[in-house]
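Structure first, then comments.
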Amino acid sequence: MEIKKEFPIFDDENLHYLDTAATSQKPQVVLDSIERYYKNYNGNPGRGSYKLVMDSTRIFEDSRKTVQRFLNAKEKEEIIFTKSTTESINLLAYSFGLEFINEGDEIILGITNHHANIVPWQMVAKKKKAKIKYIYLHENGQFDLDDFKYKISRRTKLVAFSAVSNVTGVVHPIDEVVEIAHNNGAYVLVDAAQALLHFPIDVLKSNIDFLAFSGHKLFAPMGIGILYGKRQLLEKMPPFLFGGDMIEFVTEQNSTFAPIPNKFEGGTQNVEGAYGLSEAINYLNGIGYDQINKIEHDLEMKALFELRNLGFVTTYHTENVERVGVIAFNVNGVHSHDVAFILDYYGVGVRSGHHCAQPLMNYLEIPSCCRASFGVYNDAGDVEKLIEGLRKVKEVFKL
Ligand code: PMP
């Protein structure tokens, strides 16, 4: 079956969705899994010993195993369910950051980081009198590893970066960054929010200490995310959210805490989200990264060619660098929000603004831009509508 047909939102043939980097659309199999969960298995996992509780516990823990296999983590206990990449990084900042980062220590961030991987570390740096430094870029948008090697030192406690920039789509070299960080005694957090829809990450092979991602960018529902951490690190970290199910014993004045992963999963969990995520991973594996990349890459190249041909559009698309299907661009002399507004009349959805990456936009000296991002369900018709819409922008603004 044509892939687009597996996503009910595209029953509307006038929808030309080019914003998969913001959130992916959901295939029918994932929508079905949510309904199946509530119709058959809904109970509060770990709270009781009757059938529905055991069903929901099994579904939740099986979903954890699916994520474990997806990331090739050594143990399923190293997979913590959260609500998003943002919550995963906040968990790490409040727990690891406030506990282990101290006065005079340094945190190195990628200049391409999303705000979700900047603002929590600014909070830690301010509270603990630590210093934040950034890895800057080569002309082609790739990390300047010499800059990184120059900045890192024994004072660096953590290196936190995005595997893929959500603005430029450039893929950063995970293995090299991890090696340089570890040689200097620093831990590494990989923000994989934009990566896992395009390529696999093997946390064991790449020796990653922490990794965060959101289900919703990966065909899964919103409200489910993952923090992966190595067991020996997670065990040393204090809890983040305190409450039900994350404890061992509670007395009037004191509590002891459950082993990982429960220590980090206080309160009733998003079981249908976890189940939806495991169905989404199975769906993604069924299509396979080769097919996904082929479709996205072909559309990206077609769009790039046509955007450049228009003559009134600037693309921020560097060559000779590994990337995923994302194109940042501006219509010369028109604000990105105005462009996106007119494109919407053509049913074309693109992201506009600063993309939650203001330090990167300042560094690149781009006040704002549009971003077209491609998913496996897009086709040439979507690119053609984008171009038609941009011609209208030219007409409206008399360019
Ligand atoms: N990091 C990156 C690289 C992202 O692209 C995003 C989402 N745009 C996030 C983090 C935050 O994800 P969420 O809003 O799902 O927490």
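Indexing begins at 1, ligand by ligand and atom by atom, following the structure's order.
Side chains of Glu300 and His317: a donor-acceptor N/O pair is present below 3.5 angstrom, by distance only.
Each of the following atoms of ligand 1 lies closer than 4.0 Å to a heavy atom of Ser214: 12 (O), 13 (P), 15 (O), 16 (O). Residue Ala193 approaches ligand 1 through these ligand atoms, each under 4.0 Å from one of its heavy atoms: 1 (N), 2 (C), 4 (C), 10 (C). Remark: ligand 1 atoms within the under-4.0 Å shell around heavy atoms of Thr86 are 11 (C), 13 (P), 14 (O), 16 (O). Here is the list of ligand 1 atoms found below 4.0 Å of a heavy atom in Gln194: 3 (C), 4 (C), 5 (O).
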Verify side-chain contact (heavy atoms from CB on, under 4.5 Å) between Phe374 and Leu18, making sure each step is shown before the conclusion. CA-CA 6 Å; Phe374 303 96; Leu18 294 178; 3.7 Å; yes
Show your working on side-chain contact (heavy atoms from CB on, under 4.5 Å) between Ile101 and Phe96 and close with a plain yes or no. CA-CA 7 Å; Ile101 295 177; Phe96 173 88; 4.2 Å; yes
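Ring pair Tyr136/Tyr134 is parallel by interplanar angle, where below 30° counts as parallel and above 60° as perpendicular.
Contacts with ligand 1 closer than 4.0 Å are made by side-chain heavy atoms of His216 only, the backbone lying farther away. In Thr85, the parts holding a heavy atom less than 4.0 Å from any atom of ligand 1 are both the side chain and the backbone.
Salt bridge Glu61/Lys65: absent, no basic N to carboxylate O contact under 4.0 Å.
By the 3.5 Å distance cut-off applied to N or O atoms, Asp191 is counted among the residues near ligand 1.
Figure legend: cation-pi geometry between Lys4 and Phe10, with NZ or CZ positioned under 6.0 Å from the six-membered ring centre and within 45° of its axis. Geometric assessment of Arg308 against the ring of Phe305 yields a negative cation-pi assignment under the 6.0 Å and 45° thresholds.
Among all non-hydrogen protein atoms, the one lying nearest atom 6 (C) of ligand 1 is His114 CD2, 3.3 Å.
Here atom 8 (N) of ligand 1 lies nearest to Lys217 when heavy atoms of Lys83, Lys217, Glu87 are compared.
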